[in-house]
Amino acid sequence: MNSEGNRVLLLVGSPKAPGKSVSEALGAYVIEKMEARRWSSETIFIRMSLQSDEGRAALVEAVKTADLIILSFPLYVDSLPAPVIRAMELIAEARFDKGTHFVAIANCGFPEAQHNKVAMSICQRFAHASGLEWAGGLALGMGGALSGQRLEEQGGMVRNIIKALDLAVDAFAENKPVPDEAIRLMAKPIIPGWMYTTMGNIGWRRQANCYGVRKKIRDRPYQR
Amino acid sequence: MKALVLNGVGKDSRHLDRIEEVAVRELRSLQWEVEALILRDIEIAPCMGCFGCWVQTPGVCLIDDAAREVTRKMVGSDLVVYVTPITFGGYSSELKKALDRSIGLISPFFTRINGEVHHKKRYARAPNLLGVGIVHEPDEESARIFKTLIGRNAINMHNPAHAAWVVNEDQSETEIHELMHTALGELGVRS
Ligand SMILES: Cc1cc2nc3c(=O)[nH]c(=O)nc-3n(C[C@H](O)[C@H](O)[C@H](O)COP(=O)(O)O)c2cc1C
């Protein structure tokens, strides 16, 4: 495929504000690399796009005109965030049958990347139902150790993620699906599991402390 | 015994409401006290991913809307039933908007379950979970994903028992009734 004139669309599935989500940081890295290969790009924040008729129409239109769609989302209750499912329902209704490649990038808060498996199956099913071509998914755990900062600024911890995304970009530029090696690198723990959960537990306490509710963190407000 | 039925049928497929209605009738015939919520008629904002329900107002979502009441009702139930058109294998957006807002039901602290990390319980007791997924035509892959999803949710939300059933949208009332009966038997909550 001639890469001149190709268009990549990033759909950010995190409901967080721009600049704040891991989903965006991961997706933005890919977009930058695709731009360096002269692809044009567009980024849509799904939650915001669903707030108006114009936003919804623009979302569907962007999907229609893209040559590659990348959905980057956080795992929510073993699945995709509600606004992302809503967007998928709208896109599937419009159904284009253009065979546009669709890639998913999932990040979750538990240390194991495997928690994302069901959500990936859902993405694949969605692609099938919408006339898009499933080009594979990349999933990582330990999302809580990452931030919305540019990936390059997140230190040595993200080196395998960067390697994985670089391999994926090489493949996308040639219209190929996500390589297995990229999937494997992406799923590698970024720090030891025990360290992640220990730091996580300390982090929750520290945050509760900031809000003056450290003693209430185990409260049961709805206990019957 | 109290059951909360969450109807996640969207506004363009109201004909599927009858499946929720059969489920409710079946439960009532077994002397359950049932409340059914039609989620498409309830304004629920999307979760903003802030974790305020864990670290700022523990157990309560920061957004003050109907999702708080749904969450409260979940805690107060012995059984929660999700009725949803199976959407790419998973839940409809109408059902999911309520579920995303319910993570205050569990604790932020990590624990290990079956060799995997999950969150600890917040409440001593969680309801049992029954997923009723509706398909337009038989679709094994969607059914498989849906059942896996219910099972994964049950681990995360600490539901003591769970079951997942897939019904065809044009199945007869008698058949759906039979399925419900078997599902409740599977959960050990038939009466
Ligand atoms: C409502 C909600 C549900 C979540 N459910 C899960 C889950 O089931 N499994 C998991 O590993 N992480 C879960 N998480 C954690 C997020 O996936 C994690 O914090 C992620 O890194 C956020 O990414 P983002 O910055 O792109 O939004 C959940 C978070 C929220 C707010």
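Since the model is a prediction, treat every value here as computed from it, not as a measurement. Every chain is numbered from 1 and lettered A, B, ... according to where its sequence line falls, protein lines coming before strand lines.
- Taking the six-membered ring where the residue is Trp, B:Phe110 and A:Trp204 present tilted rings, their angle falling between 30° and 60°.
- Proximity to chain B (any heavy atom under 4.5 Å) is shown, for A:Pro221, by both the backbone and the side chain.
- Taking the six-membered ring for Trp and thresholds of 30 and 60 degrees, B:Phe88 and A:Phe126 have ring planes more than 60 degrees apart, a perpendicular arrangement.
- Of residues 74-83 of chain B, those residues lying under 4.5 Å from chain A by any heavy-atom pair are B:Val75, B:Gly76, B:Ser77, B:Asp78.
- Interface remark: B:Thr71 contributes backbone and side-chain atoms alike to the contact with chain A (heavy atom separation under 4.5 Å).
- Contact count against chain B (heavy-atom pairs under 4.5 Å) is highest for A:Asn201 among A:Asn201, A:Val118, A:Leu80.
- Remark: A:Arg125 does not engage B:Glu141 in a salt bridge, criterion side-chain N to carboxylate O under 4.0 Å.
- If you measure heavy-atom distances from A:Leu50 to chain B, you find no contacts under 4.5 Å at all.
- Within a 6.0 Å radius of CZ in A:Arg224, more than 12 heavy atoms belonging to other residues, nucleotides or ligands are found.
- Proximity to chain B involves both the backbone and the side chain of A:Gln207, based on heavy atoms less than 4.5 angstrom apart.
- For A:His115, the parts lying near chain B are the backbone and the side chain together; criterion is any non-hydrogen pair under 4.5 Å.
- The pair B:Asp12-B:Arg40 does not meet the salt-bridge criterion, since no charged nitrogen lies less than 4.0 angstrom from a carboxylate oxygen.
- In this structure, the portions of A:Arg218 lying under 4.5 Å from any heavy atom of chain B include both its backbone and its side chain.
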